[in-house]
Amino acid sequence: MRRTGYEPTQARSPLRLRLGLALCGLVWGIAAAVGFAAFHQPGWAAVCAVIAALAALDAALVIRHIRQGPHYQPGRSIPPYRPVDSERRGRRHRVGQGPQGPYDRRSR
């Protein structure tokens with residue numbers, strides 16, 4: 001695929017890696033919460049249970065993003081989306097002047 005200049009050369013969202021890390025956090029959080037509860041440490045058990053709940057939420061969000069398919073995580077065969085034009089957002093700038101300063105065709 002020909003590079004257009006709007007995207008990094010090898011940028012891909014590491015959703016499967018993030019899912020694996022979230023599942024590890026979920027397993028370890030549950031195990032630690034059960035372990036601390038068994039040794040009568042309710043404060044640490046609650047902290048580990050909150051960590052496990054956050055990991056479960058993250059895993060659910062990652063699974064949702066993976067199921068959205070190429071719209072959320074484009075593959076190599078999907079062309080990149082053009083950046084949002086600042087004029088469509090209601091902001092008006094002089095020609096050649098963006099919100100960060102002047103630019104030319106190559107740095108757009």
Side-chain angles (χ1 to χ4, degrees):
M1 181 166 68
R2 194 178 85 108
R3 195 167 138 65
T4 63
Y6 292 112
E7 75 283 347
T9 56
Q10 300 295 322
R12 297 287 175 240
S13 180
L15 289 178
R16 286 179 183 79
L17 174 65
R18 186 172 153 197
L19 178 62
L21 292 173
L23 292 176
C24 286
L26 177 64
V27 168
W28 281 100
I30 291 171
V34 169
F36 279 121
F39 285 105
H40 307 290
Q41 298 289 328
W44 285 108
V47 168
C48 292
V50 168
I51 291 172
L54 289 175
L57 177 67
D58 187 40
L61 288 175
V62 169
I63 289 171
R64 178 176 173 255
H65 289 165
I66 288 174
R67 287 186 178 170
Q68 283 180 341
H71 179 69
Y72 184 80
Q73 184 181 17
R76 296 188 188 280
S77 63
I78 306 296
Y81 298 109
R82 292 191 58 87
V84 175
D85 190 11
S86 62
E87 292 174 2
R88 281 192 252 161
R89 292 178 147 183
R91 298 181 196 152
R92 302 283 182 205
H93 300 286
R94 289 187 300 148
V95 175
Q97 283 282 346
Q100 291 84 21
Y103 56 87
D104 61 358
R105 285 299 231 179
R106 288 187 315 173
S107 64
R108 247 176 118 174

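Residues satisfying the side-chain contact (heavy atoms from CB on, under 4.5 Å) criterion with L54, sequence neighbours excluded, are V50. By the side-chain contact (heavy atoms from CB on, under 4.5 Å) test, I51 pairs with V47, sequence neighbours left out. Applying the side-chain contact (heavy atoms from CB on, under 4.5 Å) rule to A59 yields the partners L19, A22, L23; only residues at least two apart in sequence or on another chain are considered.
Screening residues 38-50 for salt bridge (charged side-chain N to carboxylate O under 4.0 Å, His left out), with sequence neighbours left out, gives no hits. Evaluation of the side chain to side chain donor-acceptor pair (under 3.5 Å) test over residues 29-51, restricted to residues two or more places apart or in two chains, returns none. Residue pairs meeting the side chain to side chain donor-acceptor pair (under 3.5 Å) criterion with at least one partner in residues 46-61, sequence neighbours excluded, are R18-D58.
Nearest approach of A49 to A33, heavy atoms of both residues: N-CB, 3.9 Å. The nearest pair of heavy atoms linking G25 to A55 is C-CB, 3.8 Å. Minimum interatomic distance between F36 and A45 (heavy atoms only, all atoms of both residues): CB-N, 3.7 Å.
Under the 4.5 Å side-chain contact rule for hydrophobic residues, I63 and L15 share a cluster.
Note that CG of L57 is 11.0 Å distant from CG of L26, once rounded to the nearest 0.5 Å.
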